[in-house]
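Below is one structure; the comments refer to it alone.
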Amino acid sequence: MASYEDVMSLSVRRGFLWPAVDLYGGFAGFYDYGHNGVLLRRRWEDRWIETFLGLSDNYYLIDTTTILPEAALKASGHVDHFTDILVTCTRCGESYRGDQLLEAATHEEQEGLTTEEIDARIQELKIRCPNCKGVLGPSREFHMMFPLEVGPTGKDRAYLRPETAQGVFLNFKREFEALRRRLPMGLAIVGRAYRNEISPRQGAYRMREFIQAELQIFFDPATFGDAVPFQDIASVPVRVAWASEKHAPTAHDAPAKDLVGHGLPPWYVYHLVQVQRFYLDLLRIPRDAFRFAELDEKERAFYNKIHFDIQVRQESLGGFKEVGGVHYRTDHDLRGHEAGSHAKQSVTFGTSKLVPHVLELSFGVDRNVWALLDLSYAKGERVVLRLPVQVAPVPVAVFPLVNKDGLPERAEALYAGLRKRIAAFYDDSGSIGRRYARMDEIGTPFSVTVDHETLEGKGVTLRERDSQKQIRVKEGDLATTLNQLLSGEATFPA
RNA sequence: GCGCCGGUAGUCUAACGGUAAGACUCAGGCCUUCCAAGCCUGCGACGCGGGUUCGACUCCCGCCCGGCGCACCA
């Protein structure tokens with residue numbers, strides 16, 4: 001159980017994460033990572049890449065620009081759908097979205113109107129503030145995307161990318177050729193994206209600059225179902241909350257085949273299971289703190305035919321919070337770019353010619369890092385960060401029991417040898433208990449202590465963080481033992 | 001963006017219209033045969049700007065930042 005203050009205070013104190021530019025009072029919606037935060041985040045990213053690119057031989061990482069010209073984002077729909085016209089009441093100060101006000105009055109879809117057009121329509125329809133009947137306006141544009149002026153004249157309008165996915169879609173044809181025209185093909189990006197959130201809140205949960213890890217899987221909807229080994233996972237229980245029960249504080253288990261019975265495609269459910277495995281088995285998220293939450297038609301984006309949020313329950317954020325999503329985007333994106341660029345996006349695969357469909361596995365990296373900090377936070381007599389072994393920023397610490405009798409020299413020699421293979425950390429300040437406590441706070445799973453028996457050739461002690469138990473390990477076996485523990489091949493006591 | 005509350009060392013707290021206090025952390029030292037022991041020494045703070053005042057961390061105004069509620073979150 002960790003409050004928001006608990007997690008934030010530890011993050012700041014121990015070099016994980018803190019508000020950016022706080023020297024100048026801070027910068028809302030922006031956070032900087034410290035040395036342990038970067039290590040934790042990169043290990044999370046490494047595990048993500050291993051897990052999801054590991055789903056197929058034909059899934060790869062690419063890297064694309066963070067700035068995109070207006071034309072590309074026009075075609076993707078972001079220029080129209082990511083820009084709101086806001087109208088503020090002159091009396092009570094409430095703000096409304098102009099298109100929604102007009103739609104409520106006319107019952108017709110209102111899209112792509114300018115501020116002038118919206119003001120004119122409000123006057124014409126005599127729309128007043130729904131809250132206080134005050135006079136509305138004038139309206140103004142609000143961009144969820146950060147606009148940029150590129151080039152000396154600034155006439156080349158561009159934006160910081162609002163999602164990494166577009167970089168993949170823009171490179172689909174190139175990679176389809178380079179990867180020798182095979183489907184399914186997966187392209188992933190781990191990188192930064194930008195949204196001008198109106199009200200950034202709750203630490204790393206809603207930021208204006210954030211890191212996404214997204215895998216876009218391009219497939220032929222006619223054959224994708226046959227390409228995944230659904231039978232292997234048909235009876236695996238999946239944690240789900242349907243749209244109708246999403247506000248309940250829990251979820252329930254349903255066998256994968258029941259989800260298919262509920263109308264979800266087998267290939268979609270197959271990927272839910274893979275995502276669930278990542279969270280439950282690798283990241284060790286408690287089962288009852290994990291779920292897929294279905295979004296109903298109103299909540300999901302217009303291009304998502306099927307959309308489940310990946311949610312993790314976090315005490316610091318007040319319950320289940322979205323850390324990712326599994327989105328069936330159909331052929332919407334490639335068709336959009338085909339229309340916008342006039343470059344054919346259809347491909348010939350086997351005997352059929354098609355515009356591939358897309359399944360997107362999308363993750364907010366910062367949100368995942370925060371969730372790990374939240375769930376790992378254990379407060380007893382002191383704070384222990386029970387991070388899963390495979391993402392811990394510092395996997396191993398080495399100490400001399402006391403600073404005399406040649407123990408520091410012996411411990412330093414051991415450390416020097418160990419760090420050639422393992423990211424180890426050496427400390428000889430304070431007492432042994434204090435050093436253990438320090439490592440516990442940053443989630444170091446294993447500590448090695450050189451004591452007097454070590455000098456007699458009787459090995460070192462190896463301590464586990466969560467149990468505080470110790471075993472003796474021969475110095476010659478130490479690196480191997482640690483590697484097995486850190487890779488998950490062995491469990492303590494090894 | 002609106003409303004409410006708040007902002008003091010790295011963290012957590014205190015006090016005061018007149019020299020900003022403490023705990024923990026951290027650094028150095030002594031001591032120490034396994035879980036933040038003890039002792040000594042040291043570093044370190046009033047979010048920013050303006051106003052009132054002889055004097056402002058304290059009162060007033062604006063801004064920034066944060067939490068919560070509303071709105072927003074294709």
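Quick note on labels: first sequence line is chain A, next is B, and so on, each numbered from 1. These numbers come from a predicted model, not from an experiment.
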Can you tell me the base-pairing partner of [N]? Count Watson-Crick or G-U wobble geometry only, both distances below 3.5 Å, and say none if there is no partner.
N     : answer
B:A23 : B:U11
B:C48 : B:G62
B:G18 : B:C54
B:C70 : B:G1
B:C30 : B:G38

Presence of donor-acceptor pair under 3.5 Å, side chain of [X] and base of [N]:
X        : N     : result
A:Glu197 : B:C73 : no
A:Tyr303 : B:A74 : yes
A:Arg14  : B:G10 : no
A:Ser199 : B:C72 : no
A:Arg382 : B:C35 : yes
A:Arg195 : B:C73 : no
A:Glu299 : B:A74 : no
A:Glu441 : B:A36 : yes

I'd like to compare against my own output: the B/S/- annotation of nucleotides 44-51 of chain B with a strict under-4.0 Å heavy-atom distance to protein. --------
Using only side-chain N and O atoms of [X], determine if any of them is under 4.0 Å from OP1 or OP2 of [N].
X        : N     : result
A:Lys404 : B:C31 : no
A:Arg206 : B:C72 : no
A:Arg434 : B:C26 : yes
A:Arg438 : B:C35 : no
A:Gln202 : B:G66 : no
A:Tyr4   : B:G67 : yes
A:Ser431 : B:U32 : no

Just checking [X] against [Y], ring centres under 6.0 Å apart?
X        : Y        : answer
A:Trp242 : A:Phe292 : no
A:Phe218 : A:Phe172 : yes
A:Tyr436 : A:Phe399 : yes
A:Trp48  : A:Phe363 : yes

Could you tell me whether [X] contacts a base, only the sugar-phosphate backbone, or nothing, with contacts defined as non-hydrogen atoms closer than 4.0 Å?
X        : value
A:Glu322 : nothing
A:Asp440 : nothing
A:Ala301 : base

When the distance from [atom1] of [X] to [atom2] of [N] is rounded to whole Å, what number comes out?
X        : N     : atom1 : atom2 : value
A:Asn36  : B:G10 : CG    : P     : 18 Å
A:Arg435 : B:U25 : CZ    : C1'   : 17 Å
A:Met207 : B:G66 : CE    : P     : 12 Å

Checking contacts here: which listed nucleotide ([options]) is nearest the side-chain heavy atoms of [X]?
X        : options             : value
A:Gln470 : B:C35, B:U32, B:A27 : B:C35
A:Arg97  : B:G10, B:C73, B:C35 : B:C73
A:Ala437 : B:A71, B:A36, B:C68 : B:A36

Considering only the [atom1] atoms, how many Å lie between [N] and [M], rounded to the nearest integer?
N     : M     : atom1 : result
B:G49 : B:G10 : C1'   : 26 Å
B:A9  : B:U13 : P     : 11 Å
B:A15 : B:A74 : P     : 45 Å
B:G18 : B:A27 : P     : 37 Å
B:U58 : B:C34 : C1'   : 49 Å
B:G47 : B:A37 : P     : 32 Å
B:G62 : B:C70 : P     : 26 Å

Assess, by modelled atom type and distance only, whether the side chains of A:Asp309 and A:His307 contain a donor and an acceptor separated by less than 3.5 Å.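 Yes, A:His307 and A:Asp309 have a side-chain donor paired with an acceptor closer than 3.5 Å.
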Hey, are A:Ser316 and A:Tyr377 close enough side-chain-wise for a donor-acceptor pair under 3.5 Å?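 Absent: no donor and acceptor within the cut-off.
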Test your reading of the model: is there a side-chain donor-acceptor pair from A:Glu338 to the backbone of A:Gln345, 3.5 Å cut-off?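 Yes.
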Check whether any side-chain N or O of A:Arg329 sits under 3.5 Å from a backbone N or O of A:His357 as a donor-acceptor pair, and report yes or no.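 No.
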Go through residues 392-402 of chain A and report each residue with a non-hydrogen atom lying under 4.0 Å from RNA chain B, sorted by number.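 The stretch gives A:Leu401, A:Val402 as the residues lying under 4.0 Å from the strand, ordered by number.
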Quiz item: cation-pi between A:Lys469 and A:Phe492, 6.0 Å / 45°: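 No; the conditions do not both hold, so A:Lys469 does not lie above the ring face of A:Phe492.
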side-chain contact (heavy atoms from CB on, under 4.5 Å) between A:Leu486 and A:Ile422: does it pass, once the steps are laid out? CA-CA 9 Å; A:Leu486 295 172; A:Ile422 298 171; 3.9 Å; yes
Quick one: do A:Arg438 and A:Arg434 satisfy side-chain contact (heavy atoms from CB on, under 4.5 Å)? Show the steps, please. CA-CA 6 Å; A:Arg438 273 199 282 250; A:Arg434 177 176 296 257; 3.9 Å; yes
Please check if the number of heavy atoms outside A:Glu456 that lie under 6.0 Å from its CD is greater than 12.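 For A:Glu456, atom CD is crowded (more than 12 foreign heavy atoms under 6.0 Å).
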